[in-house]
Amino acid sequence: MNIFRLAGDMTHLFSVLVLLLKIHTIKSCAGVSLKTQELYALVFAARYLDIFTNYISLYNTVMKLIFLGSSFSIVWYMRYHKIVRRSYDKDQDTFRHYFLILPCLLLALLINEKFTFKEVMWTFSLYLEAVAILPQLVLLQRTRNIDNLTGQYVFLLGAYRALYILNWVYRYFTEPHFVHWITWVSGLVQTLLYADFFYYYFQSWKNNQKLHLPA
Amino acid sequence: KEESVLKDEL
């Protein structure tokens with residue numbers, strides 16, 4: 001464990017807590033994409049298949065349970081909670097996220113480190129996570145007013161993977177033959193997808209204005 | 001085992 005990875009995990013934890021807090025306290029999911037939340041639930045389900053069979057550490061298991069629990073409960077809130085679901089903007093959240101799942105699955109079947117069920121599912125979760133934010137970014141472009149919590153959620157979600165990239169650089173230089181191209185490339189693509197959001201987020205922060213993305 | 005090295009990440 002290095003500082004970059006710990007910072008990345010904490011940033012990721014904060015992003016899901018910010019979102020859960022928003023939905024649970026103000027009972028609203030305005031501006032939040034259900035599609036992205038469903039993709040993330042799928043990412044964690046595919047990645048943490050061995051949560052009970054491959055014990056690594058208490059920290060690792062607890063964090064996996066938190067990520068699984070939070071992502072599925074956010075999906076539950078947005079789909080079934082009678083108050084929260086009313087604030088879900090399904091007419092705007094129209095990204096066909098099923099078109100993301102299949103290509104990622106096919107790619108995982110073609111490009112992976114080992115052709116086993118667990119490894120292919122793990123690789124699938126990497127590719128899917130890289131594109132899971134797209135429905136949310138599209139929704140932000142459409143809904144003019146981006147409330148602070150949603151903006152912070154997306155920012156933290158992007159920052160966590162950027163910190164993971166620093167973690168991979170650190171591990172590359174400190175651990176012998178630590179080479180994982182698949183993870184590095186998908187992590188880089190994921191972070192680059194946030195590039196323009198980061199730019200506008202920083203601009204709004206610098207000029208102390210409300211965050212708005214150009215149409 | 002290199003494979004497990006990466007799997008300790010979240």
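Quick note: numbers below take in every heavy atom, side chains included, and nothing from hydrogens, waters or symmetry partners. Lettering follows sequence order; numbering is per chain, from 1.
Proximity to chain B involves both the backbone and the side chain of Asn60(A), based on heavy atoms less than 4.5 angstrom apart. Only the side chain of Phe67(A) comes within less than 4.5 Å of a heavy atom of chain B; its backbone N, CA, C and O stay farther away. Contacts between Asn167(A) and chain B at a heavy-atom distance below 4.5 Å involve the side chain alone, from C-beta outward.
Looking at every heavy atom in both residues, Pro135(A) comes nearest to Leu39(A) through CG-CD1, 4.1 Å.
Because its NZ or CZ atom is both nearer than 6.0 Å to the ring centre of Tyr164(A) and within 45° of the ring axis, Arg161(A) counts as a cation-pi partner of that residue.
A ring-centre distance under 6.0 Å is not found for Phe202(A) and Phe198(A). The six-membered or imidazole ring of His12(A) lies away from that of Tyr153(A), with a centre-to-centre distance of 6.0 Å or more.
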